[in-house]
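Throughout, a chain's letter reflects where its sequence line sits, starting with A, and its residues are numbered from 1.
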Amino acid sequence: MNDNMANQKRFLNKIQLITVDSLGEIKTSDANLFPNWKEGANIFNAHPFFEILKSLEEVVTPLEKEFSFSCVHLSEERNKEFICDVNITFELSETHIIIFDYSRAYLELNKISQERNDSIIKSQELEFSNRLLVEKEKFKNNFIANINHELSAPLTSIKGFVDLLEKTDLDYEQQELAKIIKSEASHLQIIFSDMLDISRIESGEFKLNKEIFNLFDLIQSIEESYKIILKEDIVDFKVTIDKKINPIVFADKTRVYQIITNLLNNAIKYTDEGIIELSIFKVLGKNRKQEFEIIIKDTGIGIPKEDQEKIFNPFIQLDDIKSGTGLGLYVARNLVHLMGGTINVNSEEGQGALFNIHIALQNAPKGNEGAAEKEYVLPNDKKYRILIVENRQNTQYLIMKQLLRHKCFFVDVVSNAEDAIRNIENRNYNLAIIDIKLDDISGLSLTKKIRNDYGDAAIKDMPIVGISGISQSNILNVALSAGMDSFIAKPFTEEILLNKITRLLSLRKK
Amino acid sequence: MTNQSKKITLIGPFGVGKTSLFKRFVDNTFSEDYKSTLGVQIQKKVITMNDGSQLSLILWDTEGTIKVSEGRSSYLLGTHCFVYVFDLSRIETYENINTQIKYLKEKFPNTPVKILGNKLDAVNIKNVEVTLKDLQVEYDFLASAKTGDKVDELFLEIAVDLVN
C-alpha cells in the first residue's frame, strides 16, 4: 500500500494540471513541476509557449478543441529546464492545460539524434567542399585551355613573321633582335603548353593519343632540331640509337617527343660547356612491346643529392637565374608515369646529370607498320645511287618513277639476283631495294650473300630495304634477320618509300 | 507597452543553423558547437516599431527535419510567418527546397514564408549562387548567424510585414 502511494506520488510529481480563464489567469494549478505557475498568476507571463493559446483560439472549433504539443522545452525563469508534452483543451470559459515531464526520456533520445546528425552534417559538408573543388578545378582547366587556344594563333603569327623577317636584308643588330623575339615567342608557347598539360594531368583529363610512328625518325628530327639550337653554343650534342630497336611503335608520338625534349631543354639550361648526349636502347623485347631505356646525359652544373627529388616538383628551379617555368621536368615525369614508365636522375654537384627513363612502348600491329611513314626530308647535299632488284616490271617502273621524280637519285634496275650481284660489284650503290621473292634466289639469300661474302664495306654495309607482297605475319622479322635494314610491305605509297630510303641514307651519312 | 504578439516558426533540415539564428537574434550570441534541437524551444523578443508600438515576436525554434511533412505538425499551428532555413554549405538542405515550400504553402496558404540561406560566412558566394540558380532556388535572405549578417534584417522585415 505504501509502495503504491509512493509510485502514485512520483507519477504525480511528473505532471502539472493547470486551468486558465479566457484572459490567461490561472484558476487552478497543482504546481507539481513549476511552483510559480499557481493560482492568480497569468499564464502568458509564465512562458512564451503559452502565447499559443491566443493563436489557437482563432482555430478552435467544437470538433477540434484539444491540441497536443510534444517535446516542448519549458522552464521557469533561471530554473531547471523541463522537456514536456503539453495537452491543451478549450472549454467554453476555461482552458485546461496538462503538462507531462518526459525530460529524462527526451534527453536520452537527443543523444542519439545528436550523434546521427553530427555524422550526416560532416559528410554532407565534405561532399559539398569536394564538389566546389571539382568545379573550381574545372573552371581553372577551361580557363587555361581557352587562354592557350587564344594565345596560340598570335604566337604562331609572331613566329611566322619573324621567320619571314629573318629572310629579309637585316643588319647584324636587327638579326639579333629578330632572333630574340623568335626565341621568346617559342618560350612563351612552351610555358602555356606546359601549363595546359599540367592542368589536364592533375584533373585526370589527360589522355594519351596513340599512333603508329617511327621512333628512329622521331629521334632523328630531335637530333636535327637540337643541332641547330646548339650550333652556336660550345656544347656538343650526340645521339646514339640502338639498332636492335624495332622502330615502328604504337604510342603517343607527341608525348614521347615532349618527354625527350623537356629533358634536353633542361640539360641545355644547365650546361654551359661540354656535351649533351641522348641515347636510346632496347632493354627488353616482347611480342607486343619493347622496353626502352632513354638516357639524357649532360656535363652541366649537376644537382645536389638533397635536391634530386625536388626537381620533379612544379615551379622548382635550382638556379633562379635560369629562365623557364620549372614545369618541364614535372610534365616529363607525369607523362612517363602515364605511359607506365619510370624516370630517375643520377647526379653530383658539378658533375653533370644523367636522366634515365625506362618506358615500354607497344609495337605497331602487324601490317600497319607502313602507317608510320608520314614525313620525310629529301637529301639535298648530293645525288644518291639506288639499285632496284625487282622481277616485276610494273613494280620496277613504279619505284623508278617515284624516285626519279625527286631528282636526287640515280636509279639502276635489275630483275634477278645474278644481275644484282654484278651491278653491286661494279658500282658503288648508296642503297638497294630488294624484292624478297626473286626468280633465281630469294631476296633474303641475296641479302645474306651481300652481308657475308664481301669484305668491302661499301658493299657489305650497303643499306638494304626489302619489299614484298608476302602477308606472312613475321615477314618484318624475317627480313631484318636476313640482314635487311628495313622492310616495306606492298602496296606502299611514295611517302613510305621515300621515308624509309631517306632515313637509311641519313643514318648511313653519320 | 506590448500591443500584440506574432508567432514566427523556424523550420528546415537539421544542422542548418536555426537555433544559431534564433540565439543571434534573441540574445546576440553565437556558438560554434552544434547541439541538435529536440522538439521545440520558444523565446520571446519584444521589438519597438517605428510608430512606438511594441511587437512581441514569439520565436519557435523547431527540431530539424529533411521534409516539412516529417516534423511535428502541432508546432506549425497558429504560425504568423514561417522562416525556412537552409545551409549554403550543404546542397542536400536545399536541392529539394521548392517541394518543401510548396507543401508548406498548400498547408498554410495564408501564412507568409521567408526563405533564408544560412552560413554565408562558410562559402564562396559566387560559387554557391551558381548552384542556387541551377537548382532554381528562390531565397529572401542569405545570412550568417555567426557574423550576424542579415539576421536582424530578416526578423525586422518580418515584423514590419506582419504589422502591416
*asked:* side-chain contact (heavy atoms from CB on, under 4.5 Å), that's the test. Do B:Y34 and A:N117 meet it? Break it down for me.
replied: CA-CA 9 Å; B:Y34 167 64; A:N117 291 2; 3.0 Å; yes
_Steps toward side-chain contact (heavy atoms from CB on, under 4.5 Å) verdict (B:H80, A:S55)_ = CA-CA 9 Å; B:H80 295 99; A:S55 303; 3.9 Å; yes
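Interface residue A:Q114: backbone and side-chain heavy atoms are both found under 4.5 Å from chain B. For B:K6, no part lies under 4.5 angstrom from a heavy atom of chain A. Only the backbone of B:L88 comes within contact range of chain A, with at least one heavy atom under 4.5 Å from a heavy atom of that chain. For chain B, no part of A:E57 is nearby; none of its heavy atoms comes within less than 4.5 Å. Contact of A:F67 with chain B is made through the side chain alone, with heavy-atom distances under 4.5 Å. Only the side chain of A:L56 comes within contact range of chain B, with heavy atoms under 4.5 Å apart. Contact annotation for A:S129: neither backbone nor side-chain heavy atoms come within less than 4.5 Å of a heavy atom of chain B. B:V130 does not touch chain A: none of its heavy atoms, backbone or side chain, sits under 4.5 Å away. Neither the backbone nor the side chain of B:V16 comes within contact range of chain A; no heavy atom of the residue lies under 4.5 Å from a heavy atom of that chain. With a 4.5 Å cut-off on non-hydrogen atoms, B:R72 touches chain A through its side chain but not through its backbone. B:K126 does not touch chain A: none of its heavy atoms, backbone or side chain, sits under 4.5 Å away. Proximity to chain B is limited to the side chain of A:I120, based on heavy atoms less than 4.5 angstrom apart. The parts of A:V72 that come within reach of chain B are both its backbone and its side chain, each placing non-hydrogen atoms under 4.5 angstrom from that chain. Heavy atoms closer than 4.5 Å to chain A are found in both the backbone and the side chain of B:Q41.
Taken to the nearest 0.5 Å, the NZ atom of B:K44 stands 14.5 Å off from the CZ atom of A:F49. Separating the CD atom in A:E58 from the CG atom in B:L77 is a distance of 11.5 Å, to the nearest 0.5 Å. Rounding to the nearest 0.5 Å gives a distance of 6.0 Å between CD of A:E51 and OG of B:S56.
Without hydrogens or angle criteria, B:S74 side chain to A:F69 main chain gives no donor-acceptor distance under 3.5 Å.
Put simply, of B:Q43, B:K7, B:K35, B:E63, the one with the most heavy-atom pairs under 4.5 Å next to chain A is B:K35.
Using a 30° and 60° split on the angle between ring planes, B:Y94 and A:F128 fall in the perpendicular class, above 60°.
For the residue pair A:C71 and B:L38, the shortest heavy atom distance occurs at SG-CG, 3.5 Å.
For the pair A:Q124/B:I91, no side-chain contact is recorded, criterion being any heavy-atom separation below 4.5 Å from C-beta on.
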